[in-house]
Trainee: 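I am attaching a structure below and will ask some questions about it afterwards.
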Amino acid sequence: MQMTFRWYGESDPVTLEKIRQIPGVTGIVSAIYDVPVGEVWPTHKILNLKRTVEKAGLSLSVIESVPVHEDIKTGDGDRDRYIKNYCQTLRNLADCGIDCVCYNFMPVFDWTRSSLDHELSDGSNALIYQEEAVADMNPLTGDLTLPGWDASYTKEGMKALLEKYQSISEEDLWNNLQYFLEKVIKVAEEVRIKMAIHPDDPPWNIFGLPRIIKNKESLERFLKLYDSPYNGLTLCSGSLGASPENDISELVRTFSDRIHFSHIRNISITGERCFCESAHKTDCGSLDIADIVKAYYESGFNGYIRPDHGRMIWGETGRPGYGLYDRALGTQYILGLWDAYEKAGVPRHVK
Ligand code: DNO
């Protein structure tokens with residue numbers, strides 16, 4: 001297992017020098033942010049990123065994400081060109097030594113929350129999701145943006161895209177995903193990059209758009225679409241865990257062979273389709289993080305782990321969910337559990 005930490009590049013207020021000082025963190029999760037979605041990532045930009053990370057004494061471990069162009073998800077327009085570009089980006093990444101790439105297949109909007117700075121009883125701030133508030137949000141007004149969303153759409157562009165999705169069912173989305181996988185995983189196998197799809201966050205449909213990667217059944221279906229070790233998962237405890245039907249430890253035990261990248265965070269489920277992000281420690285939320293880490297340990301997981309969103313604590317300001325302090329605490333909780341299982345001789349399936 002390698003403990004990693006997400007870094008948003010030179011503009012990230014959390015510097016590589018600070019990340020380097022977190023005990024046990026050796027890998028960086030990052031991306032190239034200035035290439036338009038769908039275009040090829042040039043090798044020199046990837047090499048630059050890699051060198052910057054390595055100069056700080058860390059390694060560039062995972063790319064999160066190479067985004068998938070909407071034409072690929074809707075299955076029309078220029079999808080073949082964008083898939084070709086995607087494959088070329090994978091080749092360029094492999095040339096630079098990358099072996100794991102995260103992506104998602106959520107239509108239009110990546111992770112969604114109703115508030116980014118909800119104050120918790122201890123005075124810290126966290127991201128929350130409340131179904132009613134989200135139902136009141138209108139993605140067309142243009143004043144709605146979240147850190148994970150592609151901000152390059154014009155109002156008209158967004159309107160046209162949302163209209164296009166009116167005629168796309170979940171089954172259509174599955175078919176378009178399969179089309180994508182058939183071309184991309186072949187290349188991933190060739191260049192030995194483990195592809196790791198991120199589940200939908202939250203794991204249910206929002207704004208009337210279809211979402212398909214949301215529970216055990218859909219993960220099973222996804223893995224069967226292309227049965228290869230290179231067609232794998234980013235198992236995100238907080239995304240899938242927002243739905244009480246998902247038992248994360250069980251998912252880890254079931255799919256361990258195909259999990260390449262793990263996002264670990266806790267959430268408190270506060271009502272139906274309502275949750276609040278919380279500190280990683282098990283008794284701070286609804287998920288049994290200690291058991292989830294045990295499931296990874298026991299199944300011999302040797303991929304990449306990163307702490308996921310953290311709260312804003314100790315007066316820190318910055319990118320919601322991605323401050324330094326609470327995520328650093330998260331790494332120490334996970335690594336502490338890992339060491340404890342190791343020292344206690346908990347049996348481990350050796351891969
Ligand atoms: C949220 C992240 C997601 C994730 C993408 C992967 O904080 O986990 O934005 O990076 O969905 O493609």
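Counting starts at 1 for both ligands and their atoms, following the listed order.
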Trainee: Would you mind listing which atoms of ligand 1 come within a distance below 4.0 Å of any non-hydrogen atom of E64?
Mentor: 2 (C), 4 (C), 8 (O), 10 (O)

Trainee: Would you check whether H309 has a nitrogen or oxygen atom less than 3.5 angstrom from a nitrogen or oxygen atom of ligand 1?
Mentor: yes

Trainee: When you compare the side chains of Q21 and E17, does any donor N or O come within less than 3.5 Å of an acceptor on the partner?
Mentor: no

Trainee: Could you check whether any heavy atom of R113 sits closer than 4.0 Å to an atom of ligand 1, since that is the contact criterion I want to use?
Mentor: no

Trainee: Provide the number and element of each atom of ligand 1 under 4.0 Å from a heavy atom of M106.
Mentor: 11 (O)

Trainee: According to the interplanar angle, ranging from 0 to 90°, do the rings of Y129 and F275 count as parallel (below 30°), tilted (30 to 60°) or perpendicular (above 60°)?
Mentor: parallel

Trainee: Numbering the atoms of ligand 1 from 1, which are under 4.0 Å from a heavy atom of Y103?
Mentor: 12 (O)

Trainee: Given side chains that start at C-beta, do those of E54 and L60 come closer than 4.5 Å, heavy atoms only?
Mentor: no

Trainee: Angle between ring planes, F105 versus F180, binned at 30° and 60°: parallel, tilted or perpendicular?
Mentor: tilted

Trainee: For ligand 1, which part of R265 has a heavy atom less than 4.0 Å away: the side chain, the backbone, both, or neither?
Mentor: neither

Trainee: Any atoms of ligand 1 less than 4.0 Å from a non-hydrogen atom of N104? List them with their elements.
Mentor: 5 (C), 6 (C), 11 (O), 12 (O)

Trainee: Describe, in one word, how the ring planes of W111 and H309 are oriented to each other, choosing from parallel (under 30°), tilted (30 to 60°) and perpendicular (over 60°).
Mentor: tilted

Trainee: Check ligand 1 against S65 and write out every atom of the ligand that is under 4.0 Å from a heavy-atom position of the residue.
Mentor: 5 (C), 6 (C), 10 (O), 12 (O)

Trainee: Could you check whether any side-chain heavy atom of Y165 comes within less than 4.5 Å of a side-chain heavy atom of P210, counting everything from C-beta outward?
Mentor: yes

Trainee: In the protein, which heavy atom is nearest to atom 8 (O) of ligand 1, and how far is it?
Mentor: H198 NE2, 3.2 Å

Trainee: Quick one: nearest non-hydrogen protein atom to atom 11 (O) of ligand 1, plus distance?
Mentor: D110 OD1, 2.9 Å

Trainee: Could you tell me, atom by atom, which parts of ligand 1 come under 4.0 Å of a heavy atom of R306?
Mentor: 8 (O)

Trainee: To check you understand the geometry: which heavy-atom pair defines the closest contact between V134 and S114, and what is its length?
Mentor: CG2-CB, 3.9 Å

Trainee: At less than 4.0 angstrom from any non-hydrogen atom of H263, what atoms of ligand 1 do you find?
Mentor: 8 (O)

Trainee: Is the shortest distance from a Lys or Arg side-chain nitrogen in K159 or E163 to a carboxylate oxygen in the other one below 4.0 Å?
Mentor: yes

Trainee: Return yes when C102 approaches ligand 1 closer than 4.0 angstrom through a heavy atom, no otherwise.
Mentor: yes

Trainee: Do you know which of K214, R221, R211 makes salt bridge (charged side-chain N to carboxylate O under 4.0 Å, His left out) with E170?
Mentor: K214

